[in-house]
Participant: 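What follows is a single structure, and I will ask about it in a moment.
Only this structure's heavy atoms are used, side chains among them; waters, hydrogens and symmetry mates stay out. Residue numbers begin at 1 in each chain, while the letters A, B, ... track the order of the sequences.
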Amino acid sequence: MAVSSEELGNTGTLKYPSRIRLPYTWHAGKAGSRFYQEIKDHCKIWGTKCPRCGWVYVPPRETCPRCFLDIDEWVEVGDAGTLLTYTITRYSVPGIQPHEPPYALGIIKLDGAGSGLVHLLGEIEPEDIRVGMRVQAVFREVREGNYLDIKYFKPLRS
Amino acid sequence: MKNRVGIVGVGQTHHKSKNTDCKGQELISIAVKRALESADLTMADIDAIVIGNMDHFESINYVDMWSVDGSGGYMKPIMKVTTGGTTGSAVGHAGFYHVASGLFDTVLAIGWEQNSESDTTAAISTCFDPITEREFCGGAIGPLAAQYTAYMSKYGATEEDAALVSVRDHNNAALYNPYAHLRQTITVEEVMKSPYISYPMKFLDICPRSDGACAVIFAGEDKAKKTVERPAWILGVGDCHILVHLADGIGLANLPSLERAAREAYEMAGITDPFRQFDVAELYVPASTAGVTWMEALGLCEEGGGPRLIRSGVTNMVGELPINPSGGVLATNPIGATGLLRIGEAALQVMGKAEEKQVEGARVAVATGFGGCFWSDVTVLSSSTQLD
Amino acid sequence: MDEVAIIGVAQTRYQRDNPASHAEMAYEVTRKALEDAGLTIDDIDNTVTVCNDFWDGRTISCMTITEATGSHKVPTTNVEGDGTYGALMGAMRLLSGLHEVTLVVAQSKVSEGIPAVITNAMFDPVYERSLGLDAINSSALQMRRYMSKYGITEEQCAKVSVKNHKNAKSNPYAHMPLDITVDDVLKSRVLADPIKLLDTSPVSDGACAIIMAVDEVAKKRYSKPVWIRGIGHCADAYHLGDRDLAEVDALVSAARRAYSMAGIQDPVREIDVAEVYDAFSYMELMWMEGLGFCGRGEGGAMIDSGMTGMNGALPVNPSGGVLSAHPVQAAGLARIAEAVLQLRGKADARQVEGATVALAHGIEGACGQGHCVFVLGR
Ligand SMILES: [Zn+2]
């Protein structure tokens, strides 16, 4: 059967649809495993602290990227922190998004942490979100040892 | 060459089929720390970094950026080079060019792969042209098998010849290389009895897939001399990507890309009689059959002379030209690191730091990379800045 | 340093759904760059391709354009990153003294894949990837942080978009020449607050090639070659939370390196024109700060002053920039090609009069984690 003019489109050339779909299993490593274990079993957020620069990494690292030194000191950081920035994702990308849009994302500097944690924001209307506001982690009831065991961060009312 | 370049440090992980205790960046950092330690340097000495792997084995885009936690690239110049199976050797050559250009004095080259995170053959098959080839090809074994079938009928090589290569490399890994992935001694009989994967290739003729990382430090002449007593000087490099359709590889009696890359590297280094001038070779032999056939592309023997060389034992550890003292790719294959491991192992030999796998008095070495679409890279290294 | 010259440049017209294949686009720019340099493929003694397996949807993606670029005939390598990094690799191969003429080719068919899925793969699979982060919403986090730290406004960001789309009207290669107002930008559909549709760059297909040569070759064949005066590149921390996203430390470091190599002390006075990687409107303002064209937090005031407009003291993105054509891997190389045209005085309607020193810039990773800066001069 001949190639139809519809298939050729207005460019006169064919498009050849395909997809790459491969299974992956990533290793979380020692630090990542402990991070998720603490969240899953105790609803606690832990980081690692560099012995030289004192930076507290959340998620935890085994090597300080700044000093390139091994880190073995673990510190618990707060489950509350300050919102450094945020956005509301309003477009849909099937397959990669944790929720139907719109959904809010922010970077939260947890109390006692050096790094900010990128995560979801919840229990708040988009127009009420402010940079600098205090937020607190809400953990899932059923936790599986992954990033979304923290359901989201909600506003912390003083 | 504007600036002479020497290798001053080499580090690698203990390669395994599944490195479950490490996140990718941590695996990288182990190799980097060992390389720095071997040269008695710190990250502060590193002026730039080049890294490589194959994207779809871990599904991480922009690995140069992602790796920063483990590569030491925070607030440093870093870039990524990737060319398929030749990635490791291409990364090594990129490290060399960083220094040879005069733009950087001390450069860290890193190759790594966590193959256990994906289905390697499925990921490799996405390299075929999506429109004409992808749907009926699978992995790199078929073309290599077809090549050896043709070689056997033309030159009288046998399946046992290939088995000898497999035994040599597996046993070198088992006896001499604590970092190797497969460390079991095997016999020709065991190779011959292992199941066919794709005639004439049997299970013990082909390389494994491994998790692992390798880091090599390149330095300019002055820095190299100050850093170690005996750097491994890079005398020649060649890189050649000759074909683009894997099906074209089926008709190849040998490996023209290796021949051309060797010609480039030899000319730069002044190698005129490779068999006599090289003391040791670390060759990217993805299947034992290639260990028989490709030596002629490197000028190590006459056309069809591979079986003679293998049968005579000259490429064994006690022979005149030991090949793959480390056990090579048949024993260890963290793909993005594999080619860089050849350069690193060859460097350790001419630096006199190869420990149990040291070839006595090795001064001049050759390393090769293989991959892509029957592509090759060749590196010539020496303990002297010039050949005698 | 005047050791490596750029002697040929070529670009495709950037468009969505370019019917040409990857190889056909690469062949088009290879052929045109050779023509531009007055060379044949036999004069090329090594090549660097710039291909990315994710954007190209294929493992060992450099295979796709090996033959189209003549890379099967000469020593070659493939850089996976922005095109500026490919140019840097090409320059290093020449500076080594081992090669004389390098062809660098970058191409991208962004319209073939799903950019959000491809850029989602930049984020760590064990951590942030599950949040659905991609180039747009991660940049939104950066834009918000930049605005709140330095009091930059959405209007100021919108002005970049207005300026660059207008400039694109003078660039025959541009994908999105547009006559728009600040109001149009502000009222365009919100994608991820504060990023709106007209703050973003388009989905473009296209290719770019440059040919570089060592000084002996360049001086012999060309009366006034464009020289590479300085190059610098640098990467910041990986996790978004490890960085202050309002800061541009890696760019400062990359620029410092390029400037010191080029002997530039006062960039805003010494550089006549800049082509920077404005994947989003706000980025151009931040990059001005990182490049030392203004102080930290002064990017907004700089666009307000009109200084970066076509008639300003330092026109930025006369081509329309990345906002007007975003063929991902080729976009930074296109900045270099455009800078070369400016220095040759051959930029036609988008020419900055009397330009003798130009800057070209590329980025790598999320939110400008990595930067590569070229200073070119005549
Ligand atoms: Zn530290």
Participant: Tell me whether the count of non-hydrogen atoms from other residues, nucleotides or ligands lying under 6.0 Å of NZ in C:Lys32 goes above 12.
Facilitator: yes
Participant: Determine whether the aromatic ring centres of residues A:Tyr147 and C:Phe123 are separated by less than 6.0 angstrom.
Facilitator: no
Participant: For chain C, find which of A:Arg66, A:Gln97, A:His99, A:Arg90 contributes the most heavy-atom pairs closer than 4.5 angstrom.
Facilitator: A:Arg90
Participant: Using non-hydrogen atoms only, which part of A:Arg130 is less than 4.5 Å away from chain C: side chain, backbone, both, or neither?
Facilitator: neither
Participant: Crowded around A:Ile96 CD1? As in, over 12 foreign heavy atoms under 6.0 Å?
Facilitator: yes
Participant: Checking heavy atoms, do the side chain of A:Val93, its backbone, both or neither come under 4.5 Å from chain C?
Facilitator: side chain
Participant: Looking at C:Leu141, C:Asp124, C:Val126, which makes the most heavy-atom pairs under 4.5 Å with chain A?
Facilitator: C:Leu141
Participant: My understanding is that only residues two or more places apart in sequence, or in another chain, count here; which of them pass salt bridge (Lys or Arg N to Asp or Glu O under 4.0 Å) with A:Lys30?
Facilitator: none
Participant: So do A:Tyr86 and C:Arg145 actually touch side chain to side chain, heavy atoms under 4.5 Å?
Facilitator: no
Participant: Kindly indicate, with the supporting measurements, whether the criterion side-chain contact (heavy atoms from CB on, under 4.5 Å) is fulfilled by A:Arg61 and C:Tyr238.
Facilitator: CA-CA 12 Å; A:Arg61 257 44 75 78; C:Tyr238 169 66; over 6 Å; no
Participant: Counting only heavy atoms closer than 4.5 Å, note whether C:Asp134 contacts chain A via side chain, backbone, both or neither.
Facilitator: side chain
Participant: What are the two closest non-hydrogen atoms of A:Pro98 and C:Gly132, and how far apart are they?
Facilitator: CD-N, 3.8 Å
Participant: Does A:Lys44, at its NZ atom, have more than 12 non-hydrogen atoms belonging to other residues, nucleotides or ligands within less than 6.0 Å?
Facilitator: no
Participant: For the candidates C:Leu133, C:Leu191, C:Asn120, which exhibits the highest count of non-hydrogen atom pairs separated by less than 4.5 Å from chain A?
Facilitator: C:Leu191
Participant: How about C:Glu128 and A:His119: do any of their side-chain heavy atoms sit closer than 4.5 Å?
Facilitator: no
Participant: What I'd like to find out is whether the side chain of A:Leu117 reaches to under 4.5 Å of the side chain of C:Tyr127, using heavy atoms alone.
Facilitator: no
Participant: Taking all heavy atoms of A:Tyr91 and all of C:Ile136, pick out the closest pair and write down the distance.
Facilitator: OH-CB, 3.4 Å
Participant: Need one label for C:Leu245: side chain, backbone, both or neither, based on atoms under 4.5 Å from any heavy atom in chain A.
Facilitator: side chain
Participant: Looking at C:Asp242 and A:Ser115, what are the two nearest heavy atoms and their distance?
Facilitator: OD1-OG, 2.6 Å
Participant: Name the member of A:Gly32, A:Pro101, A:Pro59, A:Gly106 that forms the most heavy-atom pairs with chain C at distances under 4.5 Å.
Facilitator: A:Pro59
Participant: Could you grab the distance from atom CG of A:Leu84 to atom NZ of C:Lys149, nearest 0.5 Å is fine?
Facilitator: 10.0 Å
Participant: Please find the pair of heavy atoms, one from C:Asp193 and one from A:Thr87, that lie closest to each other, and give the distance.
Facilitator: O-OG1, 2.6 Å
Participant: What pairs of residues pass the salt bridge (charged side-chain N to carboxylate O under 4.0 Å, His left out) test when at least one of them lies in residues 96-109 of chain A, not counting sequence neighbours?
Facilitator: none
Participant: Tell me, side chain or backbone of C:Ser130 under 4.5 Å from chain A's heavy atoms, or both, or neither?
Facilitator: both
Participant: Does the side chain of A:Val131 reach to within under 4.5 Å of the side chain of C:Arg144, using non-hydrogen atoms?
Facilitator: yes
